[in-house]
Protein chains: 2
Amino acid sequence: MFTVKQAAEKAGISEHTLRYYTDQGLIPGVARDENNKRLFSEESLGYLHLVVCLRGCGMPIGDIKRFMTLNLAGDDTLEDRYQILLEQEERATAQLREAEERLAMLRRKLGHYRERIEGKK
Amino acid sequence: MFTVKQAAEKAGISEHTLRYYTDQGLIPGVARDENNKRLFSEESLGYLHLVVCLRGCGMPIGDIKRFMTLNLAGDDTLEDRYQILLEQEERATAQLREAEERLAMLRRKLGHYRERIEGKK
DNA sequence: ATATCACCTTAGAGTAACTCTAAGTCAAGT
DNA sequence: ACTTGACTTAGAGTTACTCTAAGGTGATAT
């Protein structure tokens, strides 16, 4: 079992954000100890990882919550969830391409800058 | 010369956001016509493109504004701007890797889902 | 001439997702 | 006993949009 600090560290998000996610009901299987502290199981860490991935794709909190609800609802929702993940795959692909474009632009600009800085000397 | 609608279209952002950017002073060289309407020159379109790139890297509005101010200040700021662009190149690289990771995770999950959906039939 | 359309303008309200602060609880270490 | 460090909550604050309301302008349609 993991504390907020540990789980946040593993997921690469802030403790604030992790508490916010649990409060929003995004992470199933988060228990509380006898002092009311959040306890993350291995399973909930997996859910958290998925949530972070979906948020990274730009999926809104409300949609993620709906997805996690489908997740808990059993195998009847497999097709629905599959479709949702497909959409997120497209988003991730688009983000990849955009990051490549930004990188290309920055490298081109950096090249121009190097020339100008050299020329100035 | 281009209208807000045209410039926003070219830059791939909303008209609202473009007005917001001009109001924040992020885009040099935006004129007004006799009816007070914003007019974007080719040059300002270039600045806009850069602003969108930097925002995409996650650079805050205030930092972008500072960068654009350096831009207008002349060749004395070349080195400073070069360093800033280098940082953004690193960010863009990190985003690229993160998008790849998300994509890998989603594709792995999609594979599992396909198996389970097939198995169910 | 007037109406409708497609644009544009502004100030300011509303929203999403954090991000942080304040005030407090609790257990362990010195 | 006291400090440290982790945790708790409610709620305020921030960023970057995102949208709404109320209105202006100019071109085309009736």
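Throughout, a chain's letter reflects where its sequence line sits, starting with A, and its residues are numbered from 1. Because the structure is a prediction, the values reported are computed rather than measured.
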Whole angstrom value for the distance that separates [atom2] of [N] from [atom1] of [X]:
| X | N | atom1 | atom2 | value |
| --- | --- | --- | --- | --- |
| A/Asp33 | C/dA28 | CG | P | 12 Å |
| A/Gln24 | C/dC18 | CD | P | 10 Å |
| A/Lys65 | C/dA16 | NZ | P | 14 Å |

### Salt bridge present between A/Arg19 and A/Glu15 (N-O < 4.0 angstrom)
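Yes, charged N to carboxylate O under 4.0 Å.
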
Can you sort out the partners of [X] under salt bridge (Lys or Arg N to Asp or Glu O under 4.0 Å), two or more places apart, ordered by chain and number?
| X | value |
| --- | --- |
| B/Asp33 | none |
| B/Arg97 | none |
| A/Glu98 | none |

### Task
Search all heavy atoms of A/Ala7 against all heavy atoms of A/Leu48 and return the closest pair with its distance.
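A/Ala7 and A/Leu48 have their closest heavy atoms at O-CD2, 3.9 Å.
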
### Message
If you compare all heavy atoms of B/Tyr113 against all heavy atoms of A/Asn71, which two are closest, and at what distance to 0.1 Å?
### Response
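Shortest heavy-atom separation between B/Tyr113 and A/Asn71 comes out as OH-OD1, 4.2 Å.
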
### Message
Walk along nucleotides 6-19 of chain D from 5' to 3' and tag each nucleotide B, S or - by protein heavy-atom contact under 4.0 Å, base first, then sugar-phosphate.
### Response
SSBB------BB-B

### Helical bend (five base pairs per end, nearest 10°) for the helix from C/dA1-D/dT30 to C/dT30-D/dA1
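The angle, to the nearest 10 degrees, is 10°.
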
### Message
Evaluate A/Asp76 against A/Arg81 for salt bridge (Lys or Arg N to Asp or Glu O under 4.0 Å), listing each step before the verdict.
### Response
CA-CA 10 Å; A/Asp76 289 353; A/Arg81 283 182 275 154; over 6 Å; no

Side-chain donor/acceptor pairs under 3.5 Å, residues 49-68 of chain A, sequence neighbours excluded:
{"unit_1": "A/Arg55", "atom_1": "NH1", "unit_2": "A/Met59", "atom_2": "O", "d": "2.7"}
{"unit_1": "A/Asp63", "atom_1": "OD1", "unit_2": "A/Arg66", "atom_2": "NH1", "d": "2.8"}
{"unit_1": "A/Lys65", "atom_1": "NZ", "unit_2": "A/Gln24", "atom_2": "O", "d": "3.3"}

